[in-house]
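In listed order, ligands and their atoms are each counted from 1.
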Amino acid sequence: MNPLQTDILIIGSGIAGASAALRLAQDHQRQITIITRAAEPEEGNTRYAQGGIVRMGEDDSTDLLVEDILAAGAGLCLPSAVRILADEGPELVDEVLIDLAGVSFDRTSDGQLAYGREAAHSRPRILHVGDSTGSAIIQALIAALRRQPNIHIVTSATAVDLITFPHHARDPLTVYKPITCHGAYVFDQPNLNVRRYLAGATILATGGLGRIYRHTTNPEGARGDGLAMAYRAGARVINAEYIQFHPTVLTVTDGEGFLISEAVRGEGGRLLTPDGRPFMGEYDPQWGDLAPRDVVARVIHHQMIEHGYPHVLLDIHSAMSPERIKARFPTIFTRCMGLGIDITRQPIPVVPAAHYACGGVWTDEWGRTTIQNLYAVGEVACTGVHGANRLASTSLLEGLVWGDRAARDIKALDSLVAVSPDEVPQWEEEGLEEADPALIRRDMRTIQHTMWHYVGLVRSAGRLARALRDLNHQEQTIDTFYQTTKLNDALIGLRHSVQVALIIARAALHNRVSRGCHYRDDRAGAAPI
Ligand SMILES: Cc1cc2nc3c(=O)[nH]c(=O)nc-3n(C[C@H](O)[C@H](O)[C@H](O)COP(=O)(O)OP(=O)(O)OC[C@H]3O[C@@H](n4cnc5c(N)ncnc54)[C@H](O)[C@@H]3O)c2cc1C
């Protein structure tokens, strides 16, 4: 098998890319290449998911799940997409995750699946594996992929650019045809060169972009590469302004960015001011501490600004016994303990942080983008499911469902032929200078600060205009740096990060309506919810 000339190229090996690959591999005639920039295929946002994945709980129904997703999405969810998720998701959890990959979700003492509850869910319906659900899922999926003879996984391989015609075609007459994707130029990290991966169909599954913010729950590598590549190639991008901030992220030295799962509030955890006063009920009498993420994050932000608090507290020890805390949240317990916080006796200091991109590359109900032969699935895509604010534990499910749908759409295609290498030019490396890591780190920090302060939880025309001015200037500087410097993964990520930051800032400036997790306070004194 030649991974460089393949039927299907999948860029990204998180839950979305992996589930697409598993379905595609059932057709033994087709060859599938998966690339990932990480050294291990398990690395990506999926690995860090704690709370779990939605299935259908007891006393639950598809209609109830749809209602909850629509309510959290603040009027911007695409109802038909939400219905697909609720109809197909729970069955795929059983078929792909439990039966095929063998994920051992937690069970009750009588062997039934144990359901957790999370914010803004009207029923307990979240399957979990302790509080390290994502890790269990991705390990099982990658192990299943490795058992397929027609799947080839390439690690330490960073996509630089999608190969699209007419842009990369040798034949000038392709300009009269629709934009079509034929694979990607990919930087081979060990060999320091760029190779052409040519494919009949390409699936973009590169995940999120939280790393462009100063405070985030996302791991290194979540820097919006796929969004930037698709945008440059001419794909339609929508809802980019809807960046979800997770309300409860640990804030202590060496523990920054560590998520304290929403399931903690689902199990009775309460938010308190540093002097011990509960406050959520004042803002959202119906849901209180279980209000949707956007509301809780903004209320915390408001409390911090209003009273000058460095953080707020999350108290779980008043609601659960030490034994139950250790059994239900072993990862959170151990991590906090290692940092000097015993959560069975003390509240946890938390702040909001950038968590999830609700918008992304527009796709239809089959994961098709506006570029021919290019699909987008998972966090990089915008199917319309999450609207203006994602409901907890639905994004793993969306990756599973749309990964599967894109694969089914591709499977149904009669022919799938990769273009000949003669039709596509080799990558021309222009830069001669060695990359200076200090410059890359500094530039990345500047982007992160700009995004955090001016395109963060609370936005205004003035801040967004400042962000655009700074980011436009920075993009030019980075572009020159990029043209003159030898490629590496961090440099590719830096260029993508500044481009994605601009996409978000422009969308946020353009949209004057506060909705879900895009919140404008152009009116002085606006209430936080
Ligand atoms: C801390 C945390 C907790 C979360 N908890 C939950 C939860 O409980 N429930 C839930 O539903 N969701 C949760 N989420 C969100 C969820 O984990 C993600 O939205 C989801 O896993 C995204 O899956 P994905 O397959 O789209 O992307 P990812 O899992 O991020 O995979 C992206 C892949 O693309 C690769 N990649 C990126 N750029 C390139 C490039 N240029 N070239 C090659 N490869 C590239 C990466 O290496 C990786 O393999 C959580 C997220 C975080 C960060």
Cation-pi geometry met for R335 and F258 (6.0 Å, 45°)
yes
Say whether T217, considering both its backbone and side-chain N or O atoms, lies within less than 3.5 Å of an N or O atom on ligand 1.
no
Quick one: nearest non-hydrogen protein atom to atom 10 (C) of ligand 1, plus distance?
L396 CG, 3.4 Å
Heavy atom of the protein closest to atom 37 (C) of ligand 1 (residue, atom name, distance)
T206 O, 3.4 Å
Using the side-chain contact (heavy atoms from CB on, under 4.5 Å) rule, pick out the option among L250, T253, T334 that qualifies with L339.
L250
Run the numbers on E398 and R390 for salt bridge (charged side-chain N to carboxylate O under 4.0 Å, His left out), then give the verdict.
CA-CA 11 Å; E398 190 203 33; R390 172 175 77 94; over 6 Å; no
Those atoms of ligand 1 less than 4.0 Å from some heavy atom in Y48
1 (C), 2 (C), 3 (C)
Among all protein heavy atoms, pick the one closest to atom 49 (O) of ligand 1 and tell me residue, atom and distance.
S13 N, 2.9 Å
Proximal atoms of ligand 1 relative to E43 (non-hydrogen, under 4.0 Å)
47 (O), 48 (C), 49 (O)
Please state whether I53 comes within less than 4.0 angstrom of ligand 1, counting heavy atoms only.
no
If we number the atoms of ligand 1 from 1 as shown, the ones under 4.0 Å from a heavy atom of G44 are 29 (O), 30 (O)
Against ligand 1, does G134 come closer than 4.0 Å with any heavy atom?
no
What protein heavy atom sits nearest atom 12 (N) of ligand 1, and how far away is it?
S395 OG, 3.0 Å
Under 4.5 Å between any side-chain heavy atoms of I69 and V54, yes or no?
no
Do any nitrogen or oxygen atoms of T46 come within less than 3.5 Å of a nitrogen or oxygen of ligand 1?
yes
Is it the case that Q31 and T6 place a side-chain donor and acceptor less than 3.5 Å from each other?
no
re atom 52 (C) of ligand 1, the protein heavy-atom contact at minimum distance is H355 CE1, 3.5 Å
Counting heavy atoms under 4.0 Å, the part of R390 that contacts ligand 1 is side chain
Short question: side chain of D7, backbone of I32 - any donor-acceptor pair under 3.5 Å?
no
Counting heavy atoms only, name the option from A392, A205, G207 that's nearest to atom 33 (C) of ligand 1.
A205
Ring center gap for Y185 and H168 short of 6.0 angstrom
yes
Assess the residue pair R125 and D68 against the criterion (salt bridge (charged side-chain N to carboxylate O under 4.0 Å, His left out)); give the C-alpha distance rounded to whole Å, side-chain angles, the decisive distance to 0.1 Å, and a yes or no.
CA-CA 12 Å; R125 55 165 79 103; D68 289 351; 2.9 Å; yes
Do the charged groups of D188 and R195 touch, with an N to O distance under 4.0 Å?
yes
Nitrogen or oxygen atoms of A16 and ligand 1 under 3.5 Å apart
yes
Ligand 1 to G51 polar contact by distance, N or O atoms, under 3.5 Å
yes
For ligand 1 and Y356, I'd like to know whether there is a polar contact (N/O to N/O, distance under 3.5 Å).
no
Give the contacting part of T394 toward ligand 1: side chain, backbone, both or neither, where contact means a heavy-atom distance below 4.0 Å.
backbone
salt_bridge(R368, D409) N-O dist < 4.0 Å
yes
If the cut-off is 4.0 Å to any non-hydrogen atom of G378, which atoms of ligand 1 fall inside it?
26 (O)
Is there a donor-acceptor pair closer than 3.5 Å between any side-chain N or O of N239 and the backbone N or O of Y242?
no
With a 4.5 Å heavy-atom cut-off, do I238 and C382 have their side chains touching?
yes
Closest protein heavy atom to atom 53 (C) of ligand 1, given as residue, atom name and distance to 0.1 Å:
N218 ND2, 3.5 Å
Return the residue, atom name and 0.1 Å-rounded distance of the protein heavy atom closest to atom 22 (C) of ligand 1.
E379 OE1, 3.8 Å
Under 3.5 Å: N/O of I15 near N/O of ligand 1:
yes
Closest to atom 40 (C) of ligand 1 by heavy-atom distance, out of G224, A159, S393, P219, is A159
So which heavy atom on R265 is nearest to which on L314, and how close?
CG-CD1, 3.8 Å
Is E40 in contact with ligand 1, taking contact as a heavy-atom separation below 4.0 Å?
no
What is the nearest protein non-hydrogen atom to atom 17 (O) of ligand 1, stated with its residue, atom name and distance?
N45 O, 3.4 Å
Give the numbers and elements of all ligand 1 atoms closer than 4.0 Å to a heavy atom of T158.
41 (N), 42 (N)
Nearest non-hydrogen contact with atom 5 (N) of ligand 1 belongs to which option: A49, G52, A38, A376?
A49
Non-hydrogen atoms of A157 versus ligand 1: any pair closer than 4.0 Å?
yes
Under 6.0 Å between ring centres: does that hold for Y356 and H386?
yes
Report yes if some heavy atom in the side chain of Y48 is under 4.5 Å from a heavy atom in the side chain of T217; otherwise report no.
no
Against ligand 1, does I11 come closer than 4.0 Å with any heavy atom?
yes
Residue pair Q244 / D294, side-chain donor-acceptor N/O under 3.5 Å
no
Using the ring-ring contact (aromatic ring centres under 6.0 Å, His included) rule, collect all pairs that involve residues 193-214, keeping only residues at least two apart or in two chains.
Y213-F245
